Enquirer: 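One structure, as structure tokens, below. Some questions next.
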Amino acid sequence: MNKYIERLYNGIIKENPTFVLMLGMCPTLAVTSSAINGLGMGLSTTVVLVCANLLISLFRKVIPNGVRMPAYIVIVASLVTVVDFLMQAYLQSLSAALGVYIPLIVVNCIILGRAESYASKNPPVASIFDGIGMGLGFTIGLTLIGLIRELLGAGTLFDFPVLAQFGWFTPITIFIMAPGAFLVLAFLVAGMNIVRKKMEEKGKPLAKPAGCLTGDCATCGQSALCSGKTTVSQTEEAKAADAAKN
Amino acid sequence: MSTLAELLLIAVGSAIVNNVVLSQFLGICPFLGVSKKTETAAGMGGAVIFVITISSFITGLIYKFILANSFLISKGIDLTYLKTIVFILVIAALVQFVEMFLKKKIPSLYQSLGVYLPLITTNCAVLGVALNCVTYEYNLLEGVVYGFATAVGFFIAIVLMAGIREKIEYNDIPKTFQGTAIVLITACLMSIAFMGFSGMI
């Protein structure tokens, strides 16, 4: 049982996809204009992640190594289609608010990353817990960012007036618009830089950001898709070496 | 048929007014990750223009003639629900194919774009464009124009960002904000600037 709780802890705190690993930045920026949208996006991603982890883990011995990425993509895309139609049927307003970002869960790096680095090597139950942990970590991240943006940008929390009921409060509308997303994320990254430094001084360094955000393809969850290819940074180095020679 | 004015409206609208990166947040990963140098950024932007234009044409064809085939629909078979699955697989295969084709036939173009092609497979902008074409009910020509213009918008954004980042390197930035944080602040300011275009259409 301990192993499963460790997976949840790992996903929610130790390797939190939003704050620590910095994965899935497209939905993080795009749908967090309100807390409810962030929560909805997080939960739908969690559902897809848990089911995908379970299926991939069950089929891990059947899927040939050479075609594993296309196989994962088919599994994830089918699940996303199911979730998309369920939301269109039962949660119309949320589905309309999230729009194209629901089908785009397919290309969310968290899902393919977990499939590649965990579910393809571990038994089903552990993979389910890994999916729940990572999914909840992502949900918490999105909801928190959504809360901050909604509070500053509209003065409400989950559409419930908090600051908006005071006469002195003027909503800083830019926070619920596109630039606000970048601004909030910038301060989040800066804050995490401080936390990272403090933890390093304590001797308990956090996991490094793993996404394309760092421009480092080697640690990317999808590196399997471009495996064997020279990464951009390596090419740059090679070019610099060439220039130095000439 | 759509008139030239309508096509121009789609092009300007998707390249500048609703910029793919700065207002729709698609393709954030390469925008932040591969924008350290103008040269690399231009390479990435070029590869994205190339792939999105081809893929919006191919996915448009597949949607019109296979998934939403009027004959099949008249027989009660509606395959449009398969669009997400079909599009992502087609895009993944297409990128591999384009890479092989360029390597064999146009080595000079492969030299400049080749490295970036595999990185684009899972770029959400490519799938986003294909899905948006369906949502907006664009015909084939409008879809290709929309795809090309969106990719040009990406090119503009990533090259501008790379230019600014090259300048930022010489600035004195607080330690906490070094790296990704200052890039995001820059993106925020660029996004505000691009909001100024929103009155154009």
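All of these numbers come straight from a predicted model, not from anything done at the bench. The chains referred to below are lettered A, B, ... by the order of the sequence lines, with proteins before strands, and numbering in each begins at 1.
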Enquirer: Identify which part of B:T176 has an atom lying under 4.5 Å from any heavy atom of chain A, answering side chain, backbone, both or neither.
Expert: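 Both the backbone and the side chain of B:T176 come within 4.5 Å of chain A.
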Enquirer: Mind ranking A:A77, A:A186, A:G191 by heavy-atom pairs under 4.5 Å with chain B and telling me who comes out on top?
Expert: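 Among A:A77, A:A186, A:G191, the one with the most close pairs to chain B is A:A186.
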Enquirer: Is B:Y81 in contact with chain A via its backbone, its side chain, both, or neither, using a 4.5 Å heavy-atom distance?
Expert: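 Its backbone and side chain both get close to chain A.
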Enquirer: Do A:N53 and A:Y118 have a side chain donor and acceptor closer than 3.5 Å?
Expert: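 On atom types as modelled, these side chains do not qualify, holding no pair under 3.5 Å.
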Enquirer: For A:S78, is it the side chain, the backbone, both, or neither that has a heavy atom closer than 4.5 Å to a heavy atom of chain B?
Expert: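 Both backbone and side chain.
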Enquirer: Do A:E150 and A:S33 have a side chain donor and acceptor closer than 3.5 Å?
Expert: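 Judged by distance alone, the side chains do not pair up.
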Enquirer: Is A:M177 close to chain B through its backbone or its side chain, or both, or neither, when contacts mean heavy atoms under 4.5 Å?
Expert: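 When you check distances to chain B, only side chain atoms of A:M177 fall under 4.5 Å.
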Enquirer: Check each atom of B:Q178 against the heavy atoms of chain A and say whether the ones under 4.5 Å are side chain, backbone, both or neither.
Expert: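 Only the backbone of B:Q178 comes within 4.5 Å of chain A.
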Enquirer: Contact part of B:M195 toward chain A, heavy-atom cut-off under 4.5 Å: side chain, backbone, both or neither?
Expert: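 Just its side chain gets close to chain A.
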Enquirer: For A:T18 and A:T28, does a side-chain donor sit closer than 3.5 Å to a side-chain acceptor?
Expert: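 No pair is found: no donor N or O on one side chain lies under 3.5 Å from an acceptor on the other.
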Enquirer: Between A:F182 and B:F25, does the ring centroid distance fall short of 6.0 Å?
Expert: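 Yes, close enough.
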Enquirer: Can we call the ring centroids of A:F19 and A:F138 under 6.0 Å apart?
Expert: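 Here the rings of A:F138 and A:F19 have centres that are no less than 6.0 Å from each other.
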Enquirer: Would you confirm whether A:S120, through its side chain, and A:A115, through its main-chain N or O, come within 3.5 Å as a donor-acceptor pair?
Expert: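 Confirmed, A:S120 side chain pairs with A:A115 backbone.
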Enquirer: Considering only heavy atoms, which portion of A:I174 lies under 4.5 Å from any heavy atom of chain B: side chain, backbone, both, or neither?
Expert: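 Contact with chain B involves the side chain of A:I174 alone.
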